[in-house]
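Below: the structure, in structure tokens.
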Amino acid sequence: MALFEWRSLPNAITVGRIVLAPVVGLLLFVPTFTARFLAWVLFLVAAFSDLWDGHLARKYGWISDFGKFVDPIADKLLLATTFIPFYILSHRADPHGHLIAVGAMPMWILAVIFGREILITVIRSIAAKQGTVIPAGSSGKLKAVFQNIFVGTAIAWLAINSMALTRGWDTQAWEYWKLFHAFVFLTSLGIAIFLTVYSLVVYLWQWRRLMGGPPDPP
């Protein structure tokens with residue numbers, strides 16, 4: 001009997017993502033370039049593994065009930081172990097935790113991000129009890145992509161800013177870099193928030209329709 005079955009690979013990748021998530025969160029609290037750069041690398045590994053395990057499961061038919069249950073948990077855990085540290089660090093007096101362009105992360109951003117996840121989890125539970133499965137839409141998948149882009153940009157800023165503060169960077173090149181980083185940061189955040197709200201509206205409409213609401217307008 002084989003010690004490892006290839007069809008279990010997507011599940012193993014998902015479990016690995018669950019293990020990495022708290023490590024990323026803890027490293028963010030260490031105000032050094034090295035720790036935060038490592039957090040950035042591990043986050044990228046976790047983010048890309050999410051795409052890879054889904055691709056393997058769909059391509060080879062390695063979809064399992066375990067994967068369906070654990071994969072959303074891994075995604076939400078990675079969100080929690082990044083956005084919550086962003087909020088805590090950015091509200092401290094220590095400039096090593098301040099975010100580019102916004103300084104301190106507003107609470108409403110966390111409310112939108114996690115409110116959407118909580119609401120959809122509740123809806124899925126209600127629908128499942130009624131024997132209905134609401135599939136994830138393309139807007140939800142695109143939302144996850146831009147959330148990951150934003151988180152990666154934010155972690156990269158924390159790492160680079162820690163080095164800048166330690167070494168006392170005060171050059172024109174650094175100022176130009178901050179402008180570029182702020183643009184990517186704000187753009188990815190804006191798109192992520194828009195898609196978070198939009199994907200929720202789409203999901204609610206699908207739920208209403210599947211639960212016997214009026215048909216879509218022509």
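The neighbour count for Phe114 CZ, taken as heavy atoms of other residues, nucleotides or ligands under 6.0 Å away, is above 12. Under a cut-off of 6.0 angstrom, the local environment of CZ in Phe183 is sparse, with at most 12 non-hydrogen atoms contributed by other residues, nucleotides or ligands.
Here the straight-line distance linking atom CZ of Arg36 with atom CG of Leu38 works out to 12.5 Å at 0.5 Å rounding. Summarising the geometry, atom CE belonging to Met107 is positioned 6.0 Å from atom CG belonging to Leu110; distances are rounded to the nearest 0.5 Å. Note that CG of Leu42 and CG of Leu20 are 5.5 Å apart. Values are rounded to the nearest 0.5 Å. In this structure, CD on Gln147 lies 10.5 Å from OG on Ser188, to the nearest 0.5 angstrom. Note: Ile118 CD1 to Ile123 CD1 = 12.0 Å, rounded to the nearest 0.5 Å. Annotation: the span from Leu200 atom CG to Leu204 atom CG amounts to 4.5 Å, rounded to 0.5 Å.
Side-chain contact check for Tyr87 versus Ile84: every heavy-atom pair is 4.5 Å or farther apart. Inter-residue side-chain proximity for Ile160 and Trp169 is flagged as met; some heavy-atom pair is nearer than 4.5 Å. Using a 4.5 Å heavy-atom threshold, the side chains of Phe37 and Met163 count as separate. For the pair Leu28 and Phe86, the minimum side-chain heavy-atom distance is below 4.5 Å. You'll find the side chain of His96 stays beyond 4.5 Å of the side chain of Asn161, heavy atoms only. Asn148 places none of its side-chain heavy atoms less than 4.5 Å from the side chain of Phe48. Contact of the Ser162 side chain with the Thr32 side chain is not registered, since no non-hydrogen atoms from C-beta on lie closer than 4.5 Å. With a 4.5 Å cut-off on side-chain heavy atoms, Ile155 and Leu44 do not count as touching.
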Next on the checklist: Please determine whether side chain to side chain contact (heavy atoms under 4.5 Å, CB included) holds for the pair Thr153 and Leu189, giving the CA-CA distance in whole Å, both sets of side-chain angles, and the decisive distance to 0.1 Å.
Outcome noted: CA-CA 9 Å; Thr153 303; Leu189 175 60; over 6 Å; no
Checklist entry - Where do Ile149 and Phe146 land on the side chain to side chain contact (heavy atoms under 4.5 Å, CB included) test, with the steps shown first? => result CA-CA 5 Å; Ile149 292 174; Phe146 276 95; 4.1 Å; yes
Checklist entry - Which is it for Leu99 and Leu89 under the side chain to side chain contact (heavy atoms under 4.5 Å, CB included) test, yes or no, and what are the steps along the way? => result CA-CA 9 Å; Leu99 297 172; Leu89 289 168; over 6 Å; no
Item to check | Test side chain to side chain contact (heavy atoms under 4.5 Å, CB included) applied to Arg17 and Val45, step by step | outcome: CA-CA 8 Å; Arg17 194 158 73 254; Val45 171; over 6 Å; no
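Residues Ala104 and Ser90 approach most closely at CB-O, 3.4 Å, considering heavy atoms. Taking every heavy atom of both residues into account, Pro22 and Leu77 meet most closely at CD-CD2, 4.3 Å. Closest heavy-atom contact between Thr81 and Ala21: OG1-O, 3.1 Å. Of all heavy-atom pairs spanning Phe33 and Ala159, the tightest one is CD1-O, 3.2 Å. Ala47 and Leu78 make their closest contact through N-CD2, 4.4 Å (heavy atoms, listed as atom of the first residue, atom of the second, distance).
Side-chain atoms of Thr187 do not come within 3.5 Å of backbone N or O of Val184 as any donor-acceptor pair.
In the hydrophobic clustering of ILVMFWY residues, with side-chain heavy atoms under 4.5 Å counting as a link, Leu26 and Val24 come out apart. By the rule that hydrophobic residues join a cluster once side-chain heavy atoms approach within less than 4.5 Å of another member, Ile88 and Val30 end up as members of separate clusters. The same ILVMFWY cluster, assembled from side-chain heavy atoms under 4.5 Å apart, contains both Ile113 and Trp108. Residues Val41 and Val151 are members of one and the same hydrophobic cluster, defined by side-chain heavy-atom contacts under 4.5 angstrom among Ile, Leu, Val, Met, Phe, Trp and Tyr. Residues Leu186 and Tyr176 do not share a hydrophobic cluster, clusters being chains of Ile/Leu/Val/Met/Phe/Trp/Tyr side chains in contact below 4.5 Å.
Trp40 has its ring centre no less than 6.0 Å from the ring centre of Phe43.
Relative orientation of the Phe180 and Trp177 rings is tilted, given thresholds of 30° and 60° on the angle between their planes.
Among residues two or more places apart in sequence or in another chain, the side chain to side chain contact (heavy atoms under 4.5 Å, CB included) test is passed with Ile100 by Trp157, Lys178, His181, Ala182, Phe185.
Every pair tested for salt bridge (charged side-chain N to carboxylate O under 4.0 Å, His left out) that includes a residue from residues 82-106 fails, sequence neighbours excluded, so the list is empty.
Checking Thr196 against Arg116 by side-chain atom types alone, no donor-acceptor pair falls below 3.5 Å.
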